[in-house]
Amino acid sequence: MTDALAAFLRARFAEELEKARFASGTVTQDPERFGVAPEDAARHARFSVAAAEAKVVLLEDTVVPHLSAGGAAGQTAEYQLRLLAAPYVEHNDYPHD
């Protein structure tokens with residue numbers, strides 16, 4: 001289950017990062033169209049991309065390497081994995097088993 005859940009999250013986070021990058025380019029090119037000041041658009045764009053990138057790094061660098069560990073480290077990693085996946089529980093591809 002943990003391998004399937006990690007793969008599921010990789011796919012979701014890659015989608016989020018792609019969307020954040022696209023949206024940041026769109027908003028910063030024409031912020032007035034969206035009713036925001038240019039500096040606010042740029043700040044929000046940087047935040048959105050950084051938040052998406054942080055999820056990828058958290059998953060790959062601090063959760064996945066410890067999933068197969070025994071004891072408290074493995075339990076903590078699995079708990080963190082489930083927390084990261086919680087917002088997606090109703091997604092059609094969520095691995096419930």
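Everything numeric in this text was worked out from a predicted model, so none of it was measured. When reading the values below, keep in mind they use all heavy atoms of this one structure, side chains included, and skip hydrogens, waters and symmetry mates.
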Is [X] atom [atom1] crowded by more than 12 heavy atoms from other residues, nucleotides or ligands, each under 6.0 Å away?
{"X": "Tyr94", "atom1": "OH", "result": "yes"}
{"X": "His44", "atom1": "NE2", "result": "no"}
{"X": "Phe34", "atom1": "CZ", "result": "yes"}

Testing the basics here: between [X] and [Y], what is the closest heavy-atom pair and its distance to 0.1 Å?
{"X": "Ala6", "Y": "Val64", "value": "CB-CG2, 4.2 Å"}
{"X": "Ala77", "Y": "Val63", "value": "O-CG1, 3.4 Å"}
{"X": "Val49", "Y": "Leu17", "value": "O-CD1, 4.0 Å"}
{"X": "Pro31", "Y": "Ala41", "value": "CB-CB, 3.7 Å"}

So, taking the atom named [atom1] in [X] and the one named [atom2] in [Y], what distance separates them when rounded to the nearest 0.5 Å?
{"X": "Arg33", "Y": "Thr26", "atom1": "CZ", "atom2": "OG1", "answer": "7.5 Å"}
{"X": "His96", "Y": "Leu5", "atom1": "NE2", "atom2": "CG", "answer": "10.0 Å"}
{"X": "Leu58", "Y": "Leu9", "atom1": "CG", "atom2": "CG", "answer": "10.0 Å"}
{"X": "Ser48", "Y": "Glu53", "atom1": "OG", "atom2": "CD", "answer": "11.0 Å"}
{"X": "Leu83", "Y": "Thr76", "atom1": "CG", "atom2": "OG1", "answer": "10.5 Å"}

Residues Arg21, Glu18: salt bridge by 4.0 Å N-O rule
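Not counted as a salt bridge, because no side-chain N and carboxylate O are separated by less than 4.0 Å.
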Presence of salt bridge, Glu78 and Arg82, under 4.0 angstrom:
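Looking at Glu78 together with Arg82, the answer is yes, because their closest N to O distance falls below 4.0 Å.
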Are Val89 and Leu81 connected in a single hydrophobic cluster, I mean Ile/Leu/Val/Met/Phe/Trp/Tyr linked by side-chain heavy atoms less than 4.5 Å apart?
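Linked, Leu81 and Val89 end up in one cluster.
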Would Arg12 pass as a cation-pi partner of Phe8, given that its NZ or CZ must be under 6.0 Å from the six-membered ring centre and within 45 degrees of the axis?
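Arg12 over Phe8 ring: yes.
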Does some side-chain heavy atom of Val56 sit less than 4.5 Å from a side-chain heavy atom of Asp61?
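SC-SC contact between Asp61 and Val56 ruled out.
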